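Throughout, a chain's letter reflects where its sequence line sits, starting with A, and its residues are numbered from 1. Computed from a predicted structure; not experimentally measured.
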2 protein chains.
Amino acid sequence: MRRDIFQAIADPTRRAIITLIALQAMTPNAIADNFHTTRQSVSKHLRILTECELVKQEQQGREIYYSLEVEKMKEIDKWLNQFRKIWETRFNQLDKVLSTMKKQKK
Amino acid sequence: MRRDIFQAIADPTRRAIITLIALQAMTPNAIADNFHTTRQSVSKHLRILTECELVKQEQQGREIYYSLEVEKMKEIDKWLNQFRKIWETRFNQLDKVLSTMKKQKK
DNA sequence: ATTTTGCGAAACCGATTAGTTGCATATATA
DNA sequence: TATATATGCAACTAATCGGTTTCGCAAAAT
């Protein structure tokens, strides 16, 4: 049971579920309708997403509404930050090359 | 063989390798020195990272230097974009609440 | 009160995964 | 030329994964 965010978003079905419930809470049945798989399978995915706190539940009678814990998604963004510095630097370097080329044209 | 970026960064060792070679190219042996695993195991991880183009190789005599393909990392950032809109909206809503509280204080 | 509906949990199964061990190959070095 | 070094690759193994089937429970509908 590794159960961290990166392992959670590794599965394409789970990524699709995340996108699906990002804007509005949905029940497992409603979610399953969107995929070619069983409710139980979706239920399993939701358990994994819940365990790593990417998703939160809200019981309403016998129905359970699942919605995205957007804050948790920021952790992926935070991890990307270390590389963002690098690709921004690379971009600046390309920028320099381009402006040098322009100058040479003149 | 799924081999997409999300599956590639799911493994903690692979994430560590990515961070390690982000700033400077390294050989498999040098990389393996940083982990409690064998060189062959690192070699396997590098193969997976290379296959999904997150990493590029540069042969130098009998040594092979591996370095990060920063551009590819942007694809994760691109996927995050759809959620970025949401969490920015949430932040703005919190902003409104805070400014309302300030007004009420006055 | 009985049936239907919405759900999670457990047991099972085939596929995949990460890691190890044992090679083979190519490039240095003595 | 013989040896040491750097590496990738294939075969194997235990663990994990995603999916299905079956079950039990609680809430709603009849």
Side-chain angles (χ1 to χ4, degrees), chain A residues 1-21 24-69 72 76 79, chain B residues 1-21 24-69 72 76 79:
Chain A
M1 255 190 275
R2 244 190 301 153
R3 221 116 293 184
D4 62 285
I5 348 169
F6 294 99
Q7 193 258 340
I9 63 163
D11 185 84
T13 305
R14 281 197 289 271
R15 284 202 302 281
I17 291 176
I18 288 174
T19 302
L20 201 59
I21 63 172
Q24 56 172 346
M26 289 176 80
T27 64
N29 262 320
I31 295 167
D33 283 344
N34 290 274
F35 302 102
H36 300 292
T37 184
T38 59
R39 177 192 56 80
Q40 282 89 339
S41 165
V42 169
S43 206
K44 253 183 154 183
H45 284 305
L46 286 170
R47 198 166 87 95
I48 290 167
L49 291 170
T50 307
E51 271 172 17
C52 69
E53 296 172 298
L54 263 171
V55 147
K56 59 172 178 280
Q57 341 177 351
E58 201 184 329
Q59 187 113 20
Q60 215 159 100
R62 66 180 164 185
E63 292 180 327
I64 300 174
Y65 283 86
Y66 286 87
S67 61
L68 187 64
E69 198 76 81
K72 197 73 178 181
I76 303 162
W79 182 74
Chain B
M1 250 191 278
R2 244 187 305 155
R3 221 115 295 180
D4 62 286
I5 347 169
F6 294 98
Q7 193 257 342
I9 64 162
D11 185 84
T13 305
R14 279 198 290 269
R15 283 202 301 283
I17 291 176
I18 287 173
T19 303
L20 201 60
I21 64 172
Q24 56 172 343
M26 288 176 80
T27 64
N29 261 322
I31 295 167
D33 283 343
N34 290 273
F35 303 103
H36 300 292
T37 185
T38 59
R39 178 191 57 79
Q40 281 91 338
S41 165
V42 169
S43 206
K44 253 183 154 185
H45 285 303
L46 286 170
R47 199 165 85 97
I48 290 166
L49 291 170
T50 306
E51 270 172 19
C52 67
E53 295 172 301
L54 263 171
V55 146
K56 59 175 180 278
Q57 341 178 348
E58 201 184 328
Q59 187 113 19
Q60 215 158 101
R62 66 179 164 184
E63 292 180 326
I64 301 174
Y65 283 86
Y66 286 87
S67 61
L68 187 63
E69 199 76 78
K72 197 73 178 179
I76 303 162
W79 182 74

Original post:
Expressed in angstrom and rounded to an integer, what is the separation of B:L46 atom CG from D:dG8 atom C1'?
Top reply: 11 Å
Original post:
To the nearest angstrom, how far is B:Q40 atom CD from D:dA10 atom P?
Top reply: 14 Å
Subject >> Residue list, side-chain hydrogen bond (donor to acceptor under 3.5 Å, both in side chains) with B:T37, at least two apart or on another chain >> reply: B:S41
Original post:
Just how far, in rounded Å, is P of D:dT16 from CZ of A:F6?
Top reply: 21 Å
Subject >> Donor/acceptor link under 3.5 angstrom from A:Q7 side chain onto base of D:dT16 >> reply: no
Subject >> Check: B:R39 main-chain N/O paired with B:S43 side-chain donor or acceptor under 3.5 Å >> reply: no
Original post:
Rounding to a whole Å, what distance do you find between A:I31:CD1 and C:dG6:C1'?
Top reply: 13 Å
**OP:** Figure out the CD1/C1' separation between B:I64 and C:dT25, and round it to whole Å.
**Re:** 11 Å
Original post:
Between C:dA18, D:dT21, D:dG18, which one does the side chain of B:H45 approach most closely?
Top reply: C:dA18
Subject >> Spacing of A:I48 atom CD1 relative to D:dG18 atom P, expressed in whole Å >> reply: 5 Å
**OP:** Report yes if a side-chain nitrogen or oxygen of B:S43 is closer than 4.0 Å to either non-bridging phosphate oxygen (OP1 or OP2) of D:dT7; otherwise report no.
**Re:** no
**OP:** Go through D:dT20, C:dT20, D:dG8 for me and flag the one nearest to the B:T37 side chain.
**Re:** C:dT20
Original post:
Between C:dT20 and B:T38, is there an OP1 or OP2 to side-chain N/O distance shorter than 4.0 Å?
Top reply: yes
Original post:
Toward the 5' end of DNA chain D, which comes first, A:Q59 or A:R39, by nearest nucleotide?
Top reply: A:R39
**OP:** Can you figure out which of C:dG19, D:dG8, D:dT20 approaches the side chain of B:P28 most closely?
**Re:** D:dG8
Original post:
Charged N to carboxylate O under 4.0 angstrom, A:R15 versus B:D4?
Top reply: yes
**OP:** List in chain and number order the residues that pass ring pair (Phe, Tyr, Trp, His ring centres under 6.0 Å) with B:F6, two or more places apart in sequence or in another chain; answer none if no residue qualifies.
**Re:** B:W79
Subject >> A:R14 side chain vs A:A8 backbone, donor-acceptor pair below 3.5 Å >> reply: yes
**OP:** Starting from P on C:dC7, measure out to CE on A:M26 and report it in whole angstrom.
**Re:** 11 Å
Subject >> Side chain of B:S41 (C-beta onward), nearest among D:dG19, C:dG19, C:dC7 >> reply: C:dG19
Original post:
Counting just side-chain N and O atoms, does B:T27 come under 4.0 Å of either OP1 or OP2 of D:dA6?
Top reply: no
Original post:
Taking for each residue the nucleotide of DNA chain D with the nearest heavy atom, is it A:R14 or B:K44 whose nucleotide lies nearer the 5' end?
Top reply: B:K44
Subject >> Interatomic distance where CG belongs to B:N29 and P belongs to D:dT5 [whole Å] >> reply: 11 Å
Original post:
D:dA4, C:dC7, D:dG18: which one has an atom nearest the side-chain heavy atoms of B:R62?
Top reply: D:dA4
